> 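I'd like to ask some things about the structure below.
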2 protein chains.
Amino acid sequence: MVSALKYKYRNIGFKLTPQRIAILDYLEGNTGHPSAEDIYNAVAKKFPTMSLATVYTTMGALREKGNVLELKVDPDKKRYDPNTAKHNHVICISCKRIFDIPAAGSIDLPDSLTGVFSVLESYVEVRGLCLECQTVNAKK
Amino acid sequence: MVSALKYKYRNIGFKLTPQRIAILDYLEGNTGHPSAEDIYNAVAKKFPTMSLATVYTTMGALREKGNVLELKVDPDKKRYDPNTAKHNHVICISCKRIFDIPAAGSIDLPDSLTGVFSVLESYVEVRGLCLECQTVNAKK
DNA sequence: GCCTAATTTATAACCATTATAACTTAATAA
DNA sequence: TTATTAAGTTATAATGGTTATAAATTAGGC
């Protein structure tokens, strides 16, 4: 992790520990939408004392600071995305890989909710089968 | 439950037990998006031997037959919707009530996924605060 | 009414996530 | 540099929704 980034995190009140730096390094540019366990497994290789609880608390802190998204598109477990730019996701229900798709247009609330329900976040959820899993299923 | 409905369910291979009829009666016209526990509590009042497991297996069977939707908009638990017409949902993150909204337009996949990723289901997820919960929060 | 596969039930198991509490440490200031 | 302390780490237990198990019961076709 470069020194400039360290200042950034300290300035937002995010204390940098070796464990956190290892997690941040793993997330840097990561487009695989990893789960907590994925992160744990990756970081534990080079940091054997890592605990799963640390992953959860660190990701929770990063989320609060707005540095990571917590995806809900996988019904089985939380998935994290360091790309916080507005975009949506499709998940393959077979291999559970998640792909990025562009952000959709604005959501239309019905008249009965317009100006009444205050929207905090909205996004599109898409489930389907990726090419590889379609092929595998076809062979069966 | 009316007799015509009984034939309908038998014809699709859905064996009608007293427990299932009680669940179906509770779901009939229900717009409250109940959880498994909600269903259990409601049915157990008039059917004390009801088991939570029965609710889950029954709802799973109804879902397979396409007679109920399993909503994922509440990250804490499954919520069920007997209205299978295409529509979306908004959830109040405070009181956890779910409101219906009209179906959104079609989802645009990026070129890299068009014709490759086969979409099985897609919908919009919206989280926010309902009027009542906004008011309560403002008072604090 | 019989038969059988399906359903119900209580209970245990599962698994992702969170809570707990003792120990350790990063970051600040003297 | 060192002391201070609030914050982070860790192992472990607890939580809670959901699923699996296996024995007892039953709906629906014959």
Side-chain angles (χ1 to χ4, degrees), chain A residues 1 3 5-24 26 33-41 43-44 46-65 67-68 70-80 91 96 98, chain B residues 1 3 5-24 26 33-41 43-44 46-65 67-68 70-80 91 96 98:
Chain A
M1 172 183 272
S3 155
L5 264 182
K6 294 188 180 178
Y7 285 111
K8 170 193 162 190
Y9 284 112
R10 288 201 191 101
N11 285 341
I12 60 174
F14 185 80
K15 190 183 281 187
L16 281 176
T17 65
Q19 294 90 333
R20 288 182 161 190
I21 292 175
I23 290 176
L24 288 168
Y26 173 71
H33 311 90
S35 66
E37 196 181 3
D38 292 333
I39 298 169
Y40 170 78
N41 288 334
V43 174
K46 298 190 172 181
F47 215 115
T49 67
M50 170 69 56
S51 162
L52 237 192
T54 299
V55 175
Y56 278 109
T57 55
T58 296
M59 298 311 291
L62 286 174
R63 178 176 180 270
E64 278 186 11
K65 306 290 186 186
N67 288 87
V68 78
E70 211 175 81
L71 309 185
K72 299 162 183 109
V73 69
D74 182 345
D76 292 336
K77 59 185 68 166
K78 288 181 181 174
R79 303 279 290 263
Y80 298 96
I91 185 170
K96 304 300 172 73
I98 294 174
Chain B
M1 171 184 274
S3 155
L5 265 182
K6 294 188 180 178
Y7 285 111
K8 168 192 162 190
Y9 283 112
R10 286 201 193 102
N11 286 341
I12 60 174
F14 185 82
K15 190 182 282 186
L16 282 175
T17 65
Q19 294 89 334
R20 289 182 161 191
I21 293 175
I23 289 176
L24 288 167
Y26 173 71
H33 311 91
S35 66
E37 197 181 3
D38 292 334
I39 299 169
Y40 170 77
N41 288 334
V43 175
K46 297 192 173 180
F47 214 115
T49 67
M50 169 69 57
S51 162
L52 236 194
T54 299
V55 174
Y56 278 108
T57 55
T58 296
M59 297 313 290
L62 285 174
R63 177 175 181 270
E64 277 186 11
K65 305 291 186 186
N67 287 86
V68 78
E70 211 175 83
L71 308 186
K72 298 160 185 112
V73 69
D74 183 345
D76 292 335
K77 59 185 69 165
K78 289 180 181 172
R79 303 278 291 262
Y80 298 96
I91 184 170
K96 304 301 172 72
I98 294 173

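Throughout, a chain's letter reflects where its sequence line sits, starting with A, and its residues are numbered from 1. Note that this is a predicted model, so its numbers are computed, not measured.
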> Are B:Gln19 and C:dT9 close enough that a side-chain N or O sits under 4.0 Å from OP1 or OP2?
yes

> Given D:dG8, is OP1 or OP2 found less than 4.0 Å from the side-chain N or O atoms of A:Thr17?
no

> OP1, OP2 of D:dT19 versus side-chain N and O of B:Thr57: anything below 4.0 Å?
no

> From the options C:dA10, C:dA19, D:dT18, select the nucleotide whose nearest atom is closest to the side chain of B:Ala36.
D:dT18

> Measure the CZ-OG1 distance between A:Phe47 and A:Thr54 for me, rounded to the nearest 0.5 Å.
9.0 Å

> Students often get this wrong, so: under 4.0 angstrom with heavy atoms, is A:Thr58 touching a base, only sugar-phosphate, or nothing?
sugar-phosphate

> Please determine whether a side-chain nitrogen or oxygen atom of A:Arg20 lies at a distance below 4.0 Å from atom OP1 or OP2 of D:dT9.
yes

> So how far is it from B:Ile39 CD1 to B:Arg79 CZ, rounded to the nearest 0.5 Å?
10.5 Å

> Which nucleotide in the set D:dT10, D:dG28, C:dT18 lies at the smallest distance from any side-chain heavy atom of A:Lys78?
C:dT18

> Taking the side chain of B:Tyr56 as its heavy atoms from C-beta onward, which of D:dA27, D:dG17, C:dA27 lies nearest to it?
D:dG17

> Starting from P on D:dA7, measure out to OH on A:Tyr9 and report it in whole angstrom.
20 Å

> Would you say B:Thr54 places a side-chain N or O within less than 4.0 Å of OP1 or OP2 belonging to C:dT9?
yes

> If I take atom OG1 from residue B:Thr58 and atom CG from residue B:Asn67, how far apart are they, to the nearest 0.5 angstrom?
12.0 Å

